[in-house]
Amino acid sequence: MNFLRPLCALAVVAALSVGAQKINPITQAVLNGYAELLQENPKDYETLYERAAQYYKLGLFPQAQDDLNAALQYTPQKNTDLRQRELSLLANVASVTGQHEIALKAINDALAINPSDYFNVFRKGNILLDLGRNDEAYRTFSNMQSLKSRSQEAYYGMAKACIRMNNFSEAETLMKEVESADPTNPVTYTRLGDLYEEMKQPENAAANYILAMSMGKNNSSAMQALVRMASTNYTAVAAALDFAADKVEDKTMMLFLKGNIALDSGNFSQAEDAFTKLLALPDAETAGVYASLAKCRFALDDTAGATEAADKAIAISGKADHHALKALIE
């Protein structure tokens, strides 16, 4: 389809912009301030750490790593609190950039300062998983129980290690513990969804992500997981959504989810079908739904239908982005 070519070009430009990490003037002023302080005193370990944290937020990981290595060189051994934070951030940077051995050394050094740091023990387990050292990861997660009784993070980590070792029976037992540890928290079901994905059970994974999203809180992780799954296995996600829709009286949310997940994952026909059904329900005619329907139809080369939906979005809201959508269609 010809219209995809300019859209793909725009996507490439957007991706390049993200990679370049354009820095706003206020942040640049802060970085300039750090540079001036370090020019006066290159061994100012507190400023090095603060600048590293700023670089980390900006996704400038090599710069963050350089500053952290310098900060650790100059930070006094007796300043254990700061050294622990520096090592913890270094572990984050190294993990993000795939330097798992460096991450493990950093987290071990942090745990040498405070062996009872619950979340650093959890992070050590995850780094060991990244290294494929699943036995050690299992033992590390198990040790978390001594720091916090019935730790959900421990059960979750142990289950993941079991799956990596093909011990599915124990993994399923541990997954029951994950749920019983905090059954009213949407994070619980997002974690269960992740574990079912590890087990190559996409239907169960999708069902748990949907359950997490239905709990009335902001669950962006579950939504991102569903979109990711739908890009490779839309059938499993759609089946889970249809199953959930059959269990509820008000189908609005499920149709809304199905439409957006189908749209975001490039399943345009299914998205159009979901939004069309949604608009047939009472009180579902919103500008946002019509705008989404317009995008589906545009992707399906239905210019007339896309224009009609965009006009309805404009009639309801009159927002500039809906006018821009119509202009793009035309």
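Under the rule for a ring pair (Phe, Tyr, Trp, His ring centres under 6.0 Å), F256 has no partner lying at least two apart in sequence or in another chain. For Y34, there are no ring pair (Phe, Tyr, Trp, His ring centres under 6.0 Å) partners at least two apart in sequence or on another chain. Contacts of Y155 classified as ring pair (Phe, Tyr, Trp, His ring centres under 6.0 Å), with partners at least two apart in sequence or in another chain: none.
Within the structure, ring-ring contact (aromatic ring centres under 6.0 Å, His included) contacts touching residues 42-73 (residues at least two apart or in different chains) are Y56-F61. Sorted by first and then second residue, the pairs that involve residues 128-154 and meet ring-ring contact (aromatic ring centres under 6.0 Å, His included), not counting sequence neighbours, are F122-F141. Pairs engaging residues 303-314 under the side-chain hydrogen bond (donor to acceptor under 3.5 Å, both in side chains) rule: D311-K326 [sequence neighbours left out]. A salt bridge (Lys or Arg N to Asp or Glu O under 4.0 Å) check over residues 169-189, counting only residues at least two apart or in different chains, returns the pairs R150-E177.
With salt bridges taken as basic N to acidic carboxylate O contacts below 4.0 Å, one links K258 and D242.
Clustering of Ile, Leu, Val, Met, Phe, Trp and Tyr side chains at separations under 4.5 Å leaves Y234 isolated, with no partner residue. Other residues sharing the hydrophobic cluster of V187, ordered by chain and number and joined by side-chain separations under 4.5 Å: none, the residue standing alone. The hydrophobic cluster containing I26, built from Ile/Leu/Val/Met/Phe/Trp/Tyr side-chain heavy atoms closer than 4.5 Å, comprises no other residue.
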Which side-chain N or O atoms in residues 279-294 pair as donor and acceptor under 3.5 Å with protein atoms at least two apart or in another chain?
unit_1 : atom_1 : unit_2 : atom_2 : d
E285   : OE2    : Y290   : OH     : 2.4
T286   : OG1    : V289   : N      : 3.2
S292   : OG     : G288   : O      : 3.1

Side-chain donor-acceptor distances from residues 94-103 under 3.5 Å, at least two apart:
unit_1 : atom_1 : unit_2 : atom_2 : d
S95    : OG     : A91    : O      : 3.0
T97    : OG1    : V93    : O      : 2.8
T97    : OG1    : A94    : O      : 3.2
T97    : OG1    : Q99    : NE2    : 2.7
Q99    : OE1    : Q65    : NE2    : 3.3
Q99    : NE2    : Q65    : OE1    : 2.9

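No side-chain heavy atom of M144 sits under 4.5 Å from any side-chain heavy atom of F119.
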